[in-house]
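Fair warning: this is a prediction, and the values are worked out from it, not measured in the lab. In what follows, chains are A, B, ... by sequence order, proteins preceding strands, each numbered from 1.
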Amino acid sequence: MQHWLMKTEPSTFGIDDLERAPRHRTSWDGVRNYTARNFLRDSMKRGDQAFLYHSSCETPGVAGIMEIVKEGYPEEEVPWFKVDVKLVRRFDRIVTLATLREHESKELRGMLLLQRGNRLSITPVETAHWKFILSLA
DNA sequence: GCCAACGTTGGC
DNA sequence: GCCAACGTTGGC
């Protein structure tokens with residue numbers, strides 16, 4: 001199983017919205033970047049888990065865990081792709097970006113989210129990083 | 001609101 | 001293929 005991190009702006013769609021969605025499920029669409037699209041289309045597999053990350057908000061950070069329940073399929077707008085996800089677990093508290101940064105040079109060294117200038121909305125997460133962030137949650 | 005980083009566009 | 005201009009992201 002692979003792990004991922006998927007960004008969303010909570011003012012548009014956040015963990016509250018996912019929790020309220022029918023069966024805690026939603027289509028993860030609107031991704032408009034080719035690298036991220038390729039992850040959606042080619043690499044994400046059913047059963048993979050992903051951190052739901054809140055960006056562009058008061059407290060950026062990881063809000064919970066989702067599972068991929070439907071692999072990549074086309075959006076109506078060519079050439080973009082989406083997957084379906086469901087909420088697995090909502091963290092009691094957000095694991096904030098500030099907290100992640102505290103471990104940037106040790107446990108989370110090399111994490112793509114923390115790399116300078118990274119704007120990619122979907123990134124793979126190394127298993128060691130995944131486990132460590134879970135331990136913070 | 002600012003601005004660094006970086007992706008995309010389009011003329012050549 | 002180059003690269004300047006422009007648009008977007010996202011933390012602060």
(Q) Can you tell me if A:Arg93 has over 12 outside heavy atoms packed within less than 6.0 Å of its CZ? (A) no
Q. Any chance NZ of A:Lys131 has more than 12 other-residue heavy atoms, nucleotides or ligands included, within less than 6.0 Å?
A. no
Q. Should A:Val31 and A:Trp80 be marked as a side chain to side chain contact (heavy atoms under 4.5 Å, CB included) after you check the CA-CA gap, both sets of side-chain angles, and the distance that decides it?
A. CA-CA 7 Å; A:Val31 173; A:Trp80 305 115; 5.9 Å; no
Considering non-hydrogen atoms only, spot the tightest contact between [X] and [Y] and give its length.
X       : Y        : value
A:Phe39 : A:Thr123 : CE1-CA, 4.5 Å
A:Asp17 : A:Thr12  : OD2-O, 4.3 Å
A:Met66 : A:Phe51  : CE-O, 4.2 Å

Q | Heavy-atom contact window of chain A on DNA chain B, given 5' to 3' at under 4.0 Å | A | B:dA5 to B:dT8
(Q) Heavy atoms only, 4.0 Å cut-off, all strands: where does A:Arg116 land among base, sugar-phosphate and nothing? (A) sugar-phosphate
Q: Could you go through the side chain to side chain contact (heavy atoms under 4.5 Å, CB included) check for A:Leu40 and A:Trp4 one step at a time?
A: CA-CA 10 Å; A:Leu40 290 171; A:Trp4 304 92; over 6 Å; no
Q | Residue among A:Met1, A:Glu67, A:Glu71 satisfying side-chain contact (heavy atoms from CB on, under 4.5 Å) with A:Arg46 | A | A:Glu71
Q: Under 4.0 Å from any atom of DNA chain B, heavy atoms only: list the residues of residues 95-103 of chain A that qualify, in numerical order.
A: none
